[in-house]
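The next block holds one structure in the form of structure tokens; read it before the comments.
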Amino acid sequence: MDVAQTLIDFEMELVNPSARENRERMKELLAEDFEEFGSSGKVISKADVLKADGPVPAYELSDFSVHMLGERAALVKYRASIPGHNSHRSSVWVNCENRWQVLHHQSTVVPSDV
């Protein structure tokens, strides 16, 4: 499987409720110094993700693009949608010790009139 498809699959796994409930899997996918700039404006750490409880929205992901930033880094961009809420998303993935992990994630709300 090529790197682009692997990273797209990982992005889809990260929004899957069963993966989010699996703390060990989340530890594998998130880099130790992971941070997210959420669409709420909050900065979210790996520790925050691992201790989060509650339902995960069933996002529909689309319009993926993957840009290699070197042999061991990539930028993944896509659109996420749930009823009444759309956002542009981007993630920086790094390959450490032959394992891809997300280092940074950004979510930006798309205004309803766009």
Side-chain angles (χ1 to χ4, degrees):
M1 188 180 300
D2 70 327
V3 171
Q5 188 59 54
T6 296
L7 297 178
I8 290 169
D9 290 347
F10 286 161
E11 288 287 354
M12 296 181 82
E13 185 177 358
L14 283 169
V15 299
N16 183 310
S18 64
R20 293 300 286 252
E21 294 170 3
N22 183 336
R23 302 282 191 252
E24 290 307 310
R25 183 61 179 144
M26 295 307 292
K27 286 179 186 178
E28 293 172 359
L29 290 171
L30 302 178
E32 283 307 309
D33 48 353
F34 167 82
E35 73 176 358
E36 175 180 342
F37 294 165
S39 57
S40 65
K42 294 180 183 175
V43 178
I44 301 160
S45 69
K46 181 176 184 174
D48 295 330
V49 173
L50 294 176
K51 70 179 178 185
D53 284 331
V56 176
Y59 287 101
E60 180 180 319
L61 307 184
S62 63
D63 303 328
F64 280 95
S65 65
V66 178
H67 305 277
M68 296 305 297
L69 303 174
E71 288 183 25
R72 297 185 169 270
L75 173 65
V76 178
K77 299 187 294 184
Y78 58 96
R79 185 177 182 106
S81 302
I82 55 174
H85 182 85
N86 295 300
S87 57
H88 293 294
R89 305 283 180 111
S90 61
S91 298
V92 175
W93 288 83
V94 293
N95 189 313
C96 293
E97 301 175 9
N98 292 318
R99 182 174 69 184
W100 286 100
Q101 293 183 306
V102 62
L103 176 65
H104 180 79
H105 182 75
Q106 167 78 42
S107 176
T108 304
V109 172
V110 176
S112 60
D113 59 348
V114 173

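When reading the values below, keep in mind they use all heavy atoms of this one structure, side chains included, and skip hydrogens, waters and symmetry mates.
Summarising the geometry of R20 relative to L14, their closest heavy-atom pair is CD-O, 2.9 Å, with the distance given to 0.1 Å. Contact between R79 and V110 at its shortest, heavy atoms only, is NH2-CG1, 4.0 Å. Shown here for M68 and A74, the closest heavy-atom pair between the two residues is SD-CB, 3.8 Å.
The CG atom of L29 sits 11.0 Å away from atom OG of S91, with the distance rounded to the nearest 0.5 Å. Atom CG of L61 is separated from atom OG of S87 by 9.0 Å, given to the nearest 0.5 angstrom. Interatomic distance, H104 NE2 to L75 CG, rounded to the nearest 0.5 Å: 10.0 Å. Here the CZ atom belonging to R25 is positioned 10.0 Å from the CG atom belonging to L30, to the nearest 0.5 angstrom. With rounding to the nearest 0.5 Å, the separation of CG in L7 from NE2 in H67 is 12.0 Å. Atom-to-atom distance recorded for S65:OG and K77:NZ is 4.5 Å, nearest 0.5 angstrom.
Using a 4.5 Å cut-off between side-chain heavy atoms of Ile, Leu, Val, Met, Phe, Trp and Tyr, with links allowed through other members, M12 and V76 fall into the same hydrophobic cluster. Note on F64: it does not cluster hydrophobically with V92, by side-chain heavy-atom contacts below 4.5 Å among ILVMFWY residues. In the hydrophobic clustering of ILVMFWY residues, with side-chain heavy atoms under 4.5 Å counting as a link, V15 and L50 come out together. Two different hydrophobic clusters hold F37 and L103 under the rule that ILVMFWY side chains link at heavy-atom gaps under 4.5 Å.
Within the 4.5 Å cutoff, no side-chain heavy atoms of V66 are placed close to those of V3.
A salt bridge is absent between E11 and R89: the closest approach of a Lys/Arg side-chain nitrogen to an acidic carboxylate oxygen does not fall below 4.0 angstrom.
Within a 6.0 Å sphere centred on CD of E60, heavy atoms belonging to other residues, nucleotides or ligands number 12 at most.
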Worksheet entry | Residue pair E36, Q106: steps toward the side chain to side chain contact (heavy atoms under 4.5 Å, CB included) verdict | CA-CA 6 Å; E36 175 180 342; Q106 167 78 42; over 6 Å; no
Q: Test side chain to side chain contact (heavy atoms under 4.5 Å, CB included) on Q101 and E28 and set out the steps.
A: CA-CA 7 Å; Q101 293 183 306; E28 293 172 359; 5.7 Å; no
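Residue pairs meeting the side chain to side chain donor-acceptor pair (under 3.5 Å) criterion with at least one member in residues 37-49, sequence neighbours excluded, are E32-K46, S45-D48.
A distance of 6.0 Å or more separates the ring centres of F34 and H105.
For the ring-ring contact (aromatic ring centres under 6.0 Å, His included) test with F10, the passing option among W100, W93, Y78 is W93; the others fail.
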